[in-house]
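Shown next, in structure tokens, is the structure this report addresses.
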Amino acid sequence: MAVAAPRAVKRGFLRTLGPGLVTGAADDDPSGIGTHSQVGAQFGYGLAWTFVLSFPLMVVIQQVAAEIGRVTGAGIARNLRRHYPRPVLWTMVTLLLIANIINLGADLSAMGAALVLLTGGNAVLYTLLFGILCVVLEVTLSYPRYAAILKWTTLSLFTYVAVVAVAGVPWGRALASLVVPEVQWNAAYATAFVAILGTTISPYLFFWQAGQEIEEQHRHHAKPLCIAPREAGPELARVRMDTLVGMAFSSIVSLAIVFATAATLNANGVTDIATSAQAAEALRPIAGRFAFAMFALGIIGTGLLAVPVLAGSAAYAVTEMTGKSGSLDAKPLQARLFYTTIAVTTLAGAALTSVAIDPVRALYWAAVVNGVLAAPLMAMMMLIVRNKRAMGQLTLPLGATVLGWVATLVMAAATAIFFAFTL
């Protein structure tokens with residue numbers, strides 16, 4: 001019995017992890033990997049402190065997204081449709097679609113390039129095949145099975161823990177960089193700062209986590225918490241723990257990538273990563289073939305997790321904007337617009353590979369675009385989560401509200417800094 005009790009607690013804890021864990025893992029998509037690799041190569045440990053800054057901000061804003069979905073039983077776009085002017089809704093969803101298609105194209109391109117590194121072949125063909133594979137899985141699998149696959153796919157991120165373990169990181173310096181900022185007042189540093197925030201606090205993650213909370217609510221035949229407030233205590237505690245664990249996982253993996261590339265590429269004078277092939281190949285002679293292979297495999301694994309999240313978040317937003325129903329658990333003929341949006345955005349992203357843009361640069365600028373778009377979306381979410389017409393008596397507490405607005409202002413300030421240095 002003494003052994004069974006801890007095992008039961010462990011199983012119970014693992015069952016609480018779902019939307020938040022998957023969202024956190026999807027945050028480290030190929031866009032994030034490319035951005036963090038560039039940051040580590042160019043600035044060494046100089047921007048590691050930004051992950052300490054962003055962690056509480058990403059936790060609170062993803063918690064806001066999750067609570068909107070679980071409390072109201074409706075996603076972010078549907079709440080905008082219900083309570084705010086339609087032009088605001090249309091603008092937010094349009095911006096999301098633009099950012100997601102760019103991000104999908106960058107992620108799929110990186111996956112194709114990574115497979116070429118490992119096996120040889122045609123990167124464009126691989127990119128298209130990855131896109132088709134993700135669409136087929138989302139359309140054909142039931143939500144419970146697909147959610148389970150996404151949850152297990154998060155294990156692919158441990159490849160970067162393996163890379164940092166063999167990278168020879170000077171841990172004293174690396175850990176000190178988390179609390180001692182090394183600020184540079186130039187355009188490159190400002191762009192990198194915005195890109196980091198853009199990969200950690202991304203618009204598509206807001207829509208995805210809210211949508212996933214609704215999927216979980218339907219799967220358990222539960223009511224929105226605004227209708228069943230007696231269930232709010234344990235449910236909101238679950239949401240907060242799930243989000244905290246997911247965002248902590250995301251931040252640790254992000255730091256592992258920065259530390260690994262700082263200890264290998266930057267330490268050996270490789271400071272300009274121009275292509276994904278260069279980023280991986282540069283690791284081979286410095287950190288060995290194992291690190292090279294893990295780096296490339298990690299891009300593919302995280303891409304298989306992130307691409308469905310990107311396309312799914314767009315589908316949630318579009319169906320909610322139009323007032324139609326859509327769910328990963330619905331049959332394709334019952335949710336035509338939902339699945340059409342998934343297919344169109346994914347394949348449109350794959351089609352971007354025909355444009356002669358370097359994959360890593362595309363990844364980097366996709367992160368910057370997300371950083372620019374995040375602040376207005378975050379402001380609207382903060383209005384929703386404090387709106388009693390939407391949330392009933394379960395509006396966000398004052399402390400979390402203050403931190404949520406701080407996160408919004410930080411994103412707005414980062415965007416202003418970026419434009420000040422680049423325009």
Side-chain angles (χ1 to χ4, degrees), residues 24 27-62 95 99 102-103 106 173-206 247 250-263 265-266 270-274 279 360-379 403-423:
D27 198 15
D28 286 308
D29 66 336
S31 174
I33 294 167
T35 299
H36 299 147
S37 297
Q38 285 191 309
V39 166
Q42 185 172 3
F43 298 100
Y45 306 96
L47 277 159
W49 64 273
T50 59
F51 294 95
V52 178
L53 169 69
S54 66
F55 176 68
L57 306 183
M58 66 192 292
V59 169
V60 73
I61 204 64
Q62 288 302 146
L95 293 175
I102 294 173
N103 223 54
R173 181 184 176 190
L175 295 177
S177 69
L178 298 177
V179 294
V180 182
E182 299 177 16
V183 179
Q184 300 177 22
W185 295 99
N186 55 56
Y189 193 90
T191 302
F193 178 63
V194 175
I196 288 173
L197 290 179
T199 58
T200 55
I201 304 175
S202 300
Y204 72 93
L205 298 176
F206 311 156
M247 297 308 113
S250 171
S251 295
I252 290 170
V253 171
S254 297
L255 280 170
I257 296 168
V258 172
F259 286 172
T261 51
L265 305 185
N266 180 267
V270 181
T271 59
D272 184 19
I273 301 301
V360 171
R361 292 298 179 189
L363 290 169
Y364 192 78
W365 285 104
V368 172
V369 170
N370 278 324
V372 171
L373 298 180
L377 285 170
M378 292 165 68
L403 189 56
W405 279 112
V406 168
T408 305
L409 291 174
V410 167
M411 288 301 297
T415 302
I417 291 170
F418 168 71
F419 283 124
F421 277 106
T422 57
L423 292 183

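Note that the numbering runs from 1 along the sequence shown for the chain.
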Subject >> Spacing of CD belonging to Gln184 relative to CG belonging to Leu47, to within rounding of 0.5 Å >> reply: 7.5 Å
Original post:
Heavy atoms, side chains only, cut-off 4.5 Å: are Ile252 and Phe51 in contact?
Top reply: no
Original post:
Quick one: are Met411 and Ile61 in side-chain contact, heavy atoms under 4.5 Å?
Top reply: no
**OP:** Determine the minimum heavy-atom distance between Met247 and Phe55, stating which atoms define it.
**Re:** C-CE1, 3.6 Å
Original post:
Can you tell me if Tyr45 uses its side chain to pair, donor with acceptor, with the backbone of Ala176 under 3.5 Å?
Top reply: no
Original post:
Is there a side-chain contact between Val258 and Ile196, using heavy atoms and a 4.5 Å cut-off?
Top reply: no
Original post:
Do Gln62 and Leu205 have side-chain heavy atoms sitting under 4.5 Å apart?
Top reply: yes
Original post:
With side chains defined as the heavy atoms from C-beta onward, is the minimum distance between Tyr204 and Asp29 less than 4.5 Å?
Top reply: yes
**OP:** Locate the shortest heavy-atom distance separating Gln42 from Ala188; write the atom from each residue and the value.
**Re:** NE2-CB, 3.7 Å
**OP:** Check Leu57 against Ala407 and note the closest heavy-atom contact, atom names and distance.
**Re:** CB-CB, 3.7 Å
Original post:
Do the side chains of Ser251 and Thr200 get nearer than 4.5 Å, heavy atoms only?
Top reply: no
**OP:** Give, for atom CG of Leu197 and atom OG1 of Thr50, the distance between the pair rounded to the nearest 0.5 Å.
**Re:** 6.5 Å
Subject >> Closest non-hydrogen atom pair, Phe259 against Ala48 >> reply: CE2-CB, 4.0 Å
Original post:
How about Glu182 and Phe43: do any of their side-chain heavy atoms sit closer than 4.5 Å?
Top reply: no
Original post:
Taking the inter-plane angle between the rings of Phe193 and Trp49 on a 0 to 90° scale, is it parallel (under 30°), tilted (30 to 60°) or perpendicular (over 60°)?
Top reply: parallel
Subject >> Non-hydrogen atoms of Pro56 and Leu53 that approach each other most closely >> reply: CD-O, 3.5 Å
Subject >> Point-to-point distance, once rounded to the nearest 0.5 Å, from OG1 of Thr261 to CG of Asn266 >> reply: 8.0 Å
**OP:** Of all the heavy-atom pairs spanning Leu178 and Val52, show the shortest one and how long it is.
**Re:** O-CG2, 3.3 Å
